[in-house]
Each structure stands twice: as structure tokens, then as C-alpha cells.
Amino acid sequence: MTDNIGRLISFEIGSKNLKATQEFYEKTFGWTFTEGLDGPGRPYGFANTPEGSAMPFGTAWDTHLTPDGTDIPDEYIAIIIQVEDLKESCRLIEEAGGRITVPPTTNEDRTADVAHFRDPRGVLVGLFSLNMSPDSAPNPNPIPDELLPTKPLPDFLLAQRED
């Protein structure tokens, strides 16, 4: 799995009007979106780009559900970078002048750890790690087990997890 570390793996779209945002990308670029667990994008759904795309998927997040104090805007698009050790990456980001806006947190469906940061110029970026830490913060918007999807990760990430 270390061959994939530091690579751009995904994107994230956040919106307070996720239905309209999804419709725009569907009509304009032919993307499809999975249904979220409580409707389109609630709390999130996968954004699927056409086959052959350099970035095969993203996530769509309903920003109504963003916890207070995270410095996540109502409307945004962020790139997501895969890292091996999320906590160490956050330490290095702060050492280099960045600011952690969402500390290492277990994602909504408990399949990975995630974080957000702003680089020294203020650009919002996401981090993702399949190597979950036992002491990561629980997600502030947990999904009840009975609502968890049966296939929470795209195929290429599931394959990495099996390596």
C-alpha cells in the first residue's frame, strides 16, 4: 500500500444544497451519485466520474452536517490525498505552516480515517488513510449500524485494504 501514499485519490464536494449541486454535475459532466444513507448526499454519497477518468470517484457531503469549529465552508471542492499515517501527516502539516481544521476522525461509515487541513495559503485539502488509528476521534455524526451501506468503499480502495 505504500506505493499509493501521498497520491491524489479523490475529491470532495460540499454543499448546503447538495441536490442542486449533484444535478449540475450530472447534467454537465455525466457524473452519477450514490444515494446517501438519509437521501441524496446525507450525510454523504459517492460521486462517480466516467470510466477512464484520472480520478474515478469523489464524495458529496451535505454541509448542514458539518460540526461547528471545523472551518469548513458551506460550499467547496477539495482534493483528497491518501496518506499512510494520518496523525504523523497532520504533525508534518502543522510543522510546515499548515493548519488542521478537522483532526483525524473515523469517517462516517467506519472504513477509514479522515482529516482536513488548510495549507499556509489557506487552501482546503482533505486527507484519507485506510490505516485506522484506535485513538481517532469518533465521528461527530455517527451513522447507525443498521443504515451502513453494504459496500462503503469504491472497488479500488477495497482492493488496497485487502493488500
Side-chain angles (χ1 to χ4, degrees), residues 1 3-67 70-84 86 89 93 98-102 104-132 139-143 147-163:
M1 189 163 83
D3 292 342
N4 296 321
I5 302 311
R7 86 179 167 121
L8 194 61
I9 64 160
S10 178
F11 60 89
E12 180 176 289
I13 300 172
S15 178
K16 284 227 183 247
N17 188 344
L18 202 51
K19 184 174 190 225
T21 298
Q22 289 175 338
E23 287 174 358
F24 171 81
Y25 286 97
E26 287 170 349
K27 289 177 184 174
T28 307
F29 300 109
W31 295 3
T32 60
F33 290 86
T34 61
E35 283 292 313
L37 300 176
D38 188 22
R42 293 188 62 107
Y44 77 97
F46 286 111
N48 304 292
T49 60
E51 189 166 332
S53 171
M55 196 161 307
F57 84 101
T59 56
W61 174 257
D62 183 344
T63 57
H64 285 99
L65 302 172
T66 301
T70 57
D71 192 26
I72 302 291
D74 289 345
E75 307 291 330
Y76 68 92
I77 293 182
I79 61 169
I80 308 299
I81 299 170
Q82 184 174 2
V83 296
E84 182 75 27
L86 193 60
S89 295
I93 287 164
R99 184 171 49 88
I100 304 303
T101 58
V102 176
T105 304
T106 299
N107 74 349
E108 298 78 29
D109 55 19
R110 297 186 288 280
T111 56
D113 280 351
V114 296
H116 281 90
F117 70 93
R118 288 193 181 268
D119 73 10
R121 287 151 310 285
V123 176
L124 181 67
V125 181
L127 297 174
F128 173 93
S129 178
L130 288 170
N131 297 324
M132 297 174 68
N139 190 280
N141 298 302
I143 297 172
L147 296 178
L148 286 174
T150 56
K151 187 177 176 186
L153 292 174
D155 290 340
F156 86 99
L157 289 176
L158 284 172
Q160 285 184 35
R161 180 161 255 194
E162 293 166 3
D163 289 344

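Just so we're clear, the structure is a prediction, and the values are computed from it rather than from any experiment. Numbers for residues simply follow the sequence, beginning at 1.
Residues that satisfy the side chain to side chain contact (heavy atoms under 4.5 Å, CB included) test with Ser15, not counting sequence neighbours, are Asn17, Leu18, Thr21, Glu75. Partners of Thr101 by side chain to side chain contact (heavy atoms under 4.5 Å, CB included), not counting sequence neighbours, listed by chain and number: Asp71, Ile72, Arg99, His116, Arg118, Leu124.
Interatomic distance, Thr59 OG1 to Asn48 CG, rounded to the nearest 0.5 Å: 11.0 Å. Considering NZ of Lys19 and CZ of Phe33, their distance stands at 13.0 Å, rounded to 0.5 Å. Distance check, rounded to the nearest 0.5 Å: CD1 of Ile79 to OG of Ser10 gives 10.5 Å. In this structure, Ile9 CD1 and Ile81 CD1 are separated by 9.5 Å, a value rounded to the nearest 0.5 Å.
Nearest heavy atom pair, residue Ile80 against residue Leu127, reads CG2-C, 4.3 Å. Pairing each heavy atom of Phe128 with each of Leu86, the nearest pair is N-CD1, 4.4 Å. Contact between Ala78 and Val125 at its shortest, heavy atoms only, is CB-CA, 4.5 Å.
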Checklist line | Chi angles and distances behind the side chain to side chain contact (heavy atoms under 4.5 Å, CB included) call for Val102, Val114 | finding: CA-CA 8 Å; Val102 176; Val114 296; 5.8 Å; no
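Below 30°, between 30° and 60°, or above 60°: for Tyr25 and Trp31 the angle between ring planes is below 30°, a parallel geometry.
Residues Glu12 and Tyr76 form a side-chain contact, since some pair of their non-hydrogen atoms from C-beta on lies under 4.5 Å apart.
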